[in-house]
K.L.:
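What follows is a single structure, and I will ask about it in a moment.
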Amino acid sequence: MAVDWNVYLSDAEADIASATAPEELAPVRAKYLGRDSELGKALRAIRDRDTGIALNDSRKQLEELIESRRRELERARLDERLSGDGFDVTLPGEELPVGTLHPTTQIRRMVEDAFIGLGYEIREDREVETVEYNFDKLAFASTHPTRSPRATLFLDENTLLRTETSPSQIHHLEHLEPPVYMVSIGRVYRRDDIDATHFPIFHQFEGLAVDRGITLADLKGTLLRVARTLFGEDRRVRFRTHFFPFTEPSIEPDISCGICGGAGCRTCKFTGWTEFGGAGMVDPAVFENVGVDPEQWSGFAFGCGLERTAQLRHDIPDIRALWEGDLRVLRQF
Ligand code: DAH
C-alpha cells in the first residue's frame, strides 16, 4: 500500500512535538527515520530523480525538527535545574586536586636557572660508575677511606653507585675542550646511617669552570652569587679551608643559619653556620688525567647537596622529610 507522505510527516511532527524529554526523541527518530521505517525503506528503493528529491527533503525536514526539539527540551531541562530550590549558583565549584613539584625538584630547577643565567650548561651523568671514574681519575689516594665497601655501595669490584657527582668533571673534560662551564645534577649514594642530615641517597650539583686565568676569586664570587640567589641577599657566606683529592686548594662554603639568623641554635649546632658543600681549584693531576694542559688552563669545581640546599632555603630541620612523601609536609611547598 502506498504511503501518504503528507500524513506520514504530520504524524511525525505530532510525535516530535509531544516528546517531553530529550531521551524520548530516540524512539521517534527510529520510528520515522530508522532503517525499518517507511521512509527508510522508501529511500533505499528510490528509482527516479523526483521521488528521490522529495523523499530526501522530507528526511531533512524531520532531522531538523528532531534536532530543534532536542535543543528546546535540553534548554528547558537546564532552566528547570537552575531555577529549582536545590541549586545554589553561588556555591564554590568542586575543586580538582592539583599537585605541586616536590621541593627537591623545585630546588633543582632553581639551581639550573641560577647557573644557566651565569652561562653554564647543564648535564646529567650515569649513577652506576667505575672505580676509575669515581676515584682514580679524580686523584683519590689508594688508601682513601671512601674506597672502602663500608663507605660505598659496590656492585662488583670495579663497579659502584657513584658517591658524588664529581665523575662528571672527568666525563665532561674527556669530551670537550676548554673553556667549559658546566653543572651536572643527579643522585649519589653512600652507606650512611639515616639521621636528620644524612640519607643514603641524595642529589648533588657539581660545577666545573675551566678557562684561561681562572682564580680562587672567581670561585668565591660565583659561589657567593649562587648562594645569594638561592638563599636571599641577607644570608652571609664564609669559606673555610679543607681537603679534597681533586682540588688544590680546597675550601668549604658555609651559609649563615637561617633559623637563628647566625646567633647559634640546635640546627646549626650553635655555630651560626651550616656547611653548604665542597669546592676548590682543579688539581693539576686531574687535568693531566684527562689530557688538559695545566700550564695553559686553570679552573674551579664545587659540589653541593640539593637536599641540603632545600633545607637551608626552607629551614627544614630534618632531611628525612624530603624522602618520606608525607603530603602534610609536601603541600607546604
Ligand atoms: N665531591 C665532594 C663531596 O661529595 C664535594 C666537592 C668538593 C665537589 C670539592 C667538588 C669540589 O667539585 O671541587 O663531598
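Everything quoted here is computed from the prediction, not taken from an experiment. Read the numbers this way: they start at 1 and go in the same order the structure lists the ligands and their atoms.
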K.L.:
Atoms of ligand 1 less than 4.0 Å from A279 heavy atoms?
P.N.:
7 (C), 9 (C), 11 (C), 13 (O)
K.L.:
Output yes when the distance from some N or O of ligand 1 to some N or O of F246 is under 3.5 Å, and no in every other case.
P.N.:
no
K.L.:
Please list, in number order, the atoms of ligand 1 under 4.0 Å from a heavy atom of Q169.
P.N.:
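Selected atoms, number and element: 12 (O).
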K.L.:
Does W273 have R236 sitting over its ring (NZ/CZ under 6.0 Å from centre, angle to axis within 45°)?
P.N.:
yes
K.L.:
Which of the numbered atoms in ligand 1 are below 4.0 angstrom from a heavy atom of T247?
P.N.:
13 (O)
K.L.:
Is the ring pair Y8/Y32 parallel, tilted or perpendicular, if the boundaries are 30 and 60 degrees?
P.N.:
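Perpendicular, since the angle between the ring planes exceeds 60°.
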K.L.:
Give the numbers and elements of all ligand 1 atoms closer than 4.0 Å to a heavy atom of Q204.
P.N.:
3 (C), 4 (O)
K.L.:
Is A301 close to ligand 1, meaning an N/O of one under 3.5 Å from an N/O of the other?
P.N.:
yes
K.L.:
Pick out which of T274, I319, I255 makes a side-chain contact (heavy atoms from CB on, under 4.5 Å) with R308.
P.N.:
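Result for side-chain contact (heavy atoms from CB on, under 4.5 Å) with R308: T274.
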K.L.:
Side chain of R147, backbone of F140: donor and acceptor closer than 3.5 Å?
P.N.:
yes
K.L.:
Under 30°, 30 to 60°, or over 60°: which ring-plane class applies to F115 and F205, parallel, tilted or perpendicular?
P.N.:
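Ring orientation, 0 to 90° scale: tilted.
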K.L.:
To check your reading of the model: name the closest protein heavy atom to atom 7 (C) of ligand 1, its residue, and the distance in Å.
P.N.:
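Closest protein heavy atom to atom 7 (C) of ligand 1: G278 C, 3.3 Å.
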K.L.:
Mark up the atoms of ligand 1 that fall under 4.0 Å of a heavy atom belonging to S166, in ascending order.
P.N.:
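Listed by number with element, the hits are 1 (N), 8 (C).
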K.L.:
Which atoms of ligand 1 sit under 4.0 Å from any heavy atom of G280?
P.N.:
13 (O)
K.L.:
Closest non-hydrogen protein atom to atom 2 (C) of ligand 1, residue and atom name please, with distance?
P.N.:
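Of every protein heavy atom, E164 OE1, 3.5 Å lies nearest to atom 2 (C) of ligand 1.
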K.L.:
Looking at atom 4 (O) of ligand 1, what's its closest protein heavy atom, distance included?
P.N.:
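The closest heavy atom on the protein side is R190 NH2, 2.7 Å.
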K.L.:
Less than 4.0 angstrom from a charged side-chain N to a carboxylate O is my criterion; do R77 and E23 meet it?
P.N.:
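The answer is yes: the pair qualifies as a salt bridge.
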K.L.:
Got the closest protein heavy atom to atom 12 (O) of ligand 1, with its distance?
P.N.:
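Among all protein heavy atoms, the one nearest atom 12 (O) of ligand 1 is E206 OE2, 2.6 Å.
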K.L.:
Tell me which protein heavy atom sits closest to atom 8 (C) of ligand 1, plus the residue, atom name and distance to 0.1 Å.
P.N.:
G303 N, 3.3 Å
K.L.:
May I ask whether H242 has any heavy atom positioned less than 4.0 angstrom from an atom of ligand 1?
P.N.:
no
K.L.:
Tell me whether I116 is reachable from L101 by hopping between hydrophobic residues (I, L, V, M, F, W, Y) whose side-chain heavy atoms are closer than 4.5 Å.
P.N.:
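Hydrophobic grouping puts L101 apart from I116.
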K.L.:
To the nearest 0.5 Å, tell me how far T104 OG1 sits from Q311 CD.
P.N.:
10.0 Å
K.L.:
I want to check a possible cation-pi pair here: R190 against F199, using under 6.0 Å from ring centre and within 45° of the ring axis as the test.
P.N.:
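Relative to the ring axis of F199, which defines the angle, R190 lies outside at least one limit.
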